[in-house]
Student: 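Can you keep this structure in mind? I'll have questions shortly.
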Amino acid sequence: MSQKSNKVTFADNVREVVRRIPKGHVMTYKEVATMTGRPNAYRAVGNILAKNYDPNIPCHRVIKSDGKTGGYNRGRNNKAKMLKNEGVL
DNA sequence: CGTATGACGTGCA
DNA sequence: GTGCACGCCATAC
């Protein structure tokens with residue numbers, strides 16, 4: 001645990017948090033930022049995901065505070081559709 | 001080290 | 001209700 005010699009950067013934290021999001025649940029960038037400890041760094045959160053979106057990370061479960069899907073793969077793909085497919089209204 | 005960028009958020013007109 | 005501009009944080013170059 002605890003990252004000893006491993007440098008945990010904001011990106012690592014964000015990825016971990018996003019990966020912890022259960023199916024049928026979505027979080028806003030601000031929420032994720034708050035979970036990482038930087039409630040005002042929602043900007044960095046989007047930046048991290050934007051540059052380091054992994055296939056194991058449901059970044060599509062991360063939406064905007066407006067309830068909009070925001071973006072996924074540098075685009076909009078069918079984020080809203082896939083979310084609905086998972087059980088997110 | 002400084003600048004630029006980015007999948008955002010909020011406020012105001 | 002919609003559109004524009006500014007602000008914030010971290011990473012990359």
Side-chain angles (χ1 to χ4, degrees):
Chain A
M1 353 218 263
S2 320
Q3 337 52 309
K4 287 179 182 236
S5 343
N6 203 347
K7 241 194 299 184
V8 251
T9 53
F10 207 78
D12 289 302
N13 243 304
V14 173
R15 289 196 230 153
E16 194 173 291
V17 172
V18 175
R19 195 156 76 45
R20 284 181 184 181
I21 301 178
K23 180 180 144 201
H25 193 275
V26 291
M27 284 181 91
T28 64
Y29 289 97
K30 204 190 281 192
E31 289 289 293
V32 177
T34 302
M35 302 276 284
T36 48
R38 266 16 181 227
N40 290 330
Y42 41 77
R43 272 290 192 165
V45 177
N47 198 343
I48 274 45
L49 294 176
K51 281 164 132 209
N52 300 300
Y53 69 91
D54 282 69
N56 290 61
I57 298 178
C59 1
H60 60 269
R61 286 191 190 140
V62 186
I63 58 174
K64 297 183 109 188
S65 330
D66 302 280
K68 312 278 183 218
T69 50
Y72 185 38
N73 265 280
R74 272 300 219 148
R76 243 64 67 155
N77 276 342
N78 339 352
K79 208 167 159 183
K81 201 169 189 176
M82 58 201 305
L83 281 174
K84 258 181 162 185
N85 187 8
E86 296 206 357
V88 181
L89 290 92

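Numbers restart at 1 for each chain; the letters A, B, ... are given by sequence-line order, proteins then strands. This structure is a prediction, so every number in the text was calculated from the model and none was measured. We use all heavy atoms of the structure for the numbers below, so side chains are in, but hydrogens, waters and symmetry mates are not.
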Student: Go through the structure and list residues passing ring-ring contact (aromatic ring centres under 6.0 Å, His included) with A:Y72, not counting sequence neighbours.
Tutor: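 Here the qualifying residues are A:H60.
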Student: Can you name the side chain to side chain contact (heavy atoms under 4.5 Å, CB included) partners of A:N40, sequence neighbours left out?
Tutor: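 Side chain to side chain contact (heavy atoms under 4.5 Å, CB included) list for A:N40, sorted by chain: empty.
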Student: For A:R19, give me all partners under salt bridge (Lys or Arg N to Asp or Glu O under 4.0 Å), at least two apart in sequence or on another chain.
Tutor: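 Per chain and number, A:R19 pairs via salt bridge (Lys or Arg N to Asp or Glu O under 4.0 Å) with no residue.
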Student: What distance do A:N77 atom CG and A:M82 atom CE have between them, rounded to the nearest 0.5 Å?
Tutor: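 So the gap between those two atoms works out to 7.5 Å.
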Student: Could you check how far NZ of A:K64 sits from C1' of B:dT10, rounded to whole Å?
Tutor: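 The answer, rounded to whole Å, is 12 Å.
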Student: For every nucleotide of nucleotides 3-13 of chain C, 5' to 3': is a protein heavy atom under 4.0 Å from its base (B), only from its sugar-phosphate (S), or from neither (-)?
Tutor: ----BBBBSS-
Student: In the hydrophobic clustering (ILVMFWY, side-chain contacts below 4.5 Å, transitive), which residues join A:I57, or is it alone?
Tutor: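 Taking Ile, Leu, Val, Met, Phe, Trp and Tyr as members, A:I57 shares its hydrophobic cluster with A:F10, A:V14, A:V17, A:V18, A:I21, A:M27, A:Y29, A:V32, A:M35, A:Y42, A:V45, A:I48, A:L49, A:V62.
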Student: Hey, what do you get for CG (A:N56) to CZ (A:R15), rounding to the nearest 0.5 Å?
Tutor: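 Separation between the atoms: 11.0 Å.
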Student: Just to be sure I understand the geometry, which residues of residues 27-37 of chain A put a non-hydrogen atom under 4.0 Å away from DNA chain B?
Tutor: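 When residues 27-37 of chain A is checked for heavy atoms under 4.0 Å from DNA chain B, the hits, listed by number, are A:Y29, A:K30.
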Student: To the nearest 0.5 Å, what is the distance between NZ on A:K68 and CZ on A:R76?
Tutor: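 With rounding to 0.5 Å, NZ (A:K68) is 12.0 Å from CZ (A:R76).
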Student: Partners of A:S65 by side-chain hydrogen bond (donor to acceptor under 3.5 Å, both in side chains), sequence neighbours excluded?
Tutor: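 Scan of A:S65 (side-chain hydrogen bond (donor to acceptor under 3.5 Å, both in side chains), adjacent residues dropped) gives none.
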Student: Which residues pass the side-chain hydrogen bond (donor to acceptor under 3.5 Å, both in side chains) test with A:D12, sequence neighbours left out?
Tutor: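 Partners of A:D12 under the side-chain hydrogen bond (donor to acceptor under 3.5 Å, both in side chains) test: A:T9.
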Student: If you measure from NE2 on A:H25 to CD on A:E31, what distance do you get to the nearest 0.5 Å?
Tutor: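 It comes to 8.5 Å.
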Student: Find every protein N or O atom lying less than 3.5 Å from an N or O atom of nucleotides 11-13 of chain B, and list the pairs.
Tutor:
none

